[in-house]
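All chains are named by letter (A, B, ...) in the order of the sequence lines, taking the proteins before the strands, and each is independently numbered beginning at 1. Just so it is clear, the model here is predicted, and its values are computed rather than measured.
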There are 2 protein chains.
Amino acid sequence: MRNTGPEDDSYIGYMLSDVARLIRTIFDRRVRDIGLTRAQWLVLTRVYRRPGVSQTELAEMLEIDRASAGRMIDRMERNGWVERRPDRTDRRINRLHLTDEARKVHAAMWAIAESTVDDALSPLSATEREQYAELTAKVKGRLQNLAGAVP
Amino acid sequence: MRNTGPEDDSYIGYMLSDVARLIRTIFDRRVRDIGLTRAQWLVLTRVYRRPGVSQTELAEMLEIDRASAGRMIDRMERNGWVERRPDRTDRRINRLHLTDEARKVHAAMWAIAESTVDDALSPLSATEREQYAELTAKVKGRLQNLAGAVP
DNA sequence: AGTCTATTGTAGCCTATGCAACAATCATGA
DNA sequence: TCATGATTGTTGCATAGGCTACAATAGACT
């Protein structure tokens, strides 16, 4: 790492955020064709990965306010994509589940996600992809420690 | 790349966005101590890297609406961090410049950014960092092509 | 049981953002 | 020259987000 001034476009810190931003932008553009906004597909993936998640847990996963998450769920419930079901034992909690319609949309979205990531990694060889995944996993693990600890 | 279903937390697509999100979150937390919000430090870095940028260009770099950018600049101008200067030849255009005060804040912010990135990459050896930077650069280049082309 | 504290989801308020419409300005071409 | 279209920045409107306060509920402790 030779030059690490704020002017160097190849600074790894910039490149990491650029890669994530570009993937997100390209994915947003492709997924808009099936009628999804970014906020909506974020909710969709989280509830898909964790059915029965509570509203507060969803808000934490998305790093947004509980109130904002509640209003988002209002809208997606009105659109028939997500259901609130009462918790068996705790009457304060709403458990969230995708509708059949939403699961179909998720399948289409996932196909787009995979092809977008494949496109992004296309300049890497199979070996390089493995390396890239390993290095990224190491960095992610370190960041999770940092995020978990008190700043 | 064995398992690429939506349930696999080690899917490279997830990990890439996780790394960027975690860095941003940790950096946000550290930089709040010097009185900066995310929207503000984003403007700060962009105008620092490109002094004399126009409002429309800034909006494009930040991927936000022209109107939103204009109002953000209103606030930062009121706070004495950025100046609007008229373009020499085109009276429609405002050229943006940082104040001395803002440049001081940027220096402090950059120190925090560097230490955050260093912390994130701390589990990698020097060689691995080089590899990681190279691979990231390749992916970024590919994504810029994709973003530039018509979807 | 009763009391106190913590947690969940929601409503109100203010701010921030995107979209559309607009005036001012520039560029192009008859 | 001047008429037409494009671009820049701003304003109004509707929407989405964060913060605070609140009712309902759960849990712990006496």
Just how far, in rounded Å, is [atom2] of [N] from [atom1] of [X]?
X       : N      : atom1 : atom2 : answer
B:Arg85 : D:dG9  : CZ    : P     : 16 Å
B:Arg38 : C:dT15 : CZ    : C1'   : 17 Å
B:Arg32 : D:dG18 : CZ    : P     : 13 Å
B:Gln40 : C:dA16 : CD    : C1'   : 12 Å
B:Arg75 : D:dT10 : CZ    : C1'   : 14 Å
B:Arg66 : D:dT7  : CZ    : P     : 10 Å
B:Glu77 : D:dG9  : CD    : P     : 13 Å
A:Asp74 : D:dT15 : CG    : C1'   : 14 Å

Self-check item: Minimum side-chain heavy-atom gap A:Gln55-A:Ile73 below 4.5 Å
Solution: yes
Practice problem: Decide yes or no for A:Trp41 and A:Phe27: does some side-chain heavy atom of the first lie under 4.5 Å from some side-chain heavy atom of the second? | Solution: yes
Considering only side-chain heavy atoms of [X], which listed nucleotide, [options], is closest?
X       : options                : value
B:Met72 : C:dT17, D:dA16, D:dC19 : C:dT17
B:Asp65 : D:dT10, C:dC19, D:dG18 : C:dC19
B:Arg71 : D:dT11, D:dC19, C:dT10 : D:dT11

Quiz item: Looking at B:Arg30, B:Arg29, B:Arg24, which one forms a side chain to side chain donor-acceptor pair (under 3.5 Å) with B:Thr116?
Solution: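 Running side chain to side chain donor-acceptor pair (under 3.5 Å) over B:Arg30, B:Arg29, B:Arg24 with B:Thr116 returns exactly one hit, B:Arg30.
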Quiz item: Is A:Arg84 side chain donor-acceptor paired with the C:dG9 base, going by distance under 3.5 Å alone?
Solution: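 Counting by modelled atom types and ignoring angles, no donor-acceptor contact under 3.5 Å is found here.
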Quiz item: Can we say A:Arg84 and A:Asp74 salt-bridge, meaning some charged N sits less than 4.0 Å from an Asp/Glu carboxylate O?
Solution: yes
Quiz item: Taking the nucleotide of DNA chain C with the closest heavy atom to each, which residue, B:Ile64 or A:Glu60, is nearer the 5' end?
Solution: A:Glu60
Quiz prompt | Expected output: side-chain A:Arg142 to main-chain B:Asp119 donor-acceptor under 3.5 Å | solution = yes
Quiz item: Does OP1 or OP2 of C:dT8 have a side-chain N or O of A:Ser54 closer than 4.0 Å?
Solution: no
Quiz item: Given that B:Thr56 and A:Ala69 both sit by DNA chain D, which one's nearest nucleotide is further toward the 5' end?
Solution: B:Thr56
Quiz item: Between B:Asp18 and B:Arg21, is a salt bridge (charged side-chain N to carboxylate O under 4.0 Å, His left out) present by the stated rule, with each step listed?
Solution: CA-CA 5 Å; B:Asp18 286 342; B:Arg21 178 181 51 79; 3.3 Å; yes
Self-check item: Near-strand residues of residues 89-98 of chain B, defined as heavy-atom separation under 4.0 angstrom from DNA chain D
Solution: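 Heavy-atom contacts with DNA chain D come from B:Arg92, B:Ile93, B:Asn94.
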Quiz item: Rounded to the nearest 0.5 Å, what separation is found between the CG atom of B:Asp28 and the CZ atom of B:Arg38?
Solution: 4.0 Å
Practice problem: Indicate, with a heavy-atom threshold strictly under 4.0 Å, whether A:Ser68 touches base, sugar-phosphate, or nothing. | Solution: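 The answer is base, as A:Ser68 lies within the cut-off (heavy atoms under 4.0 Å) of a base atom.
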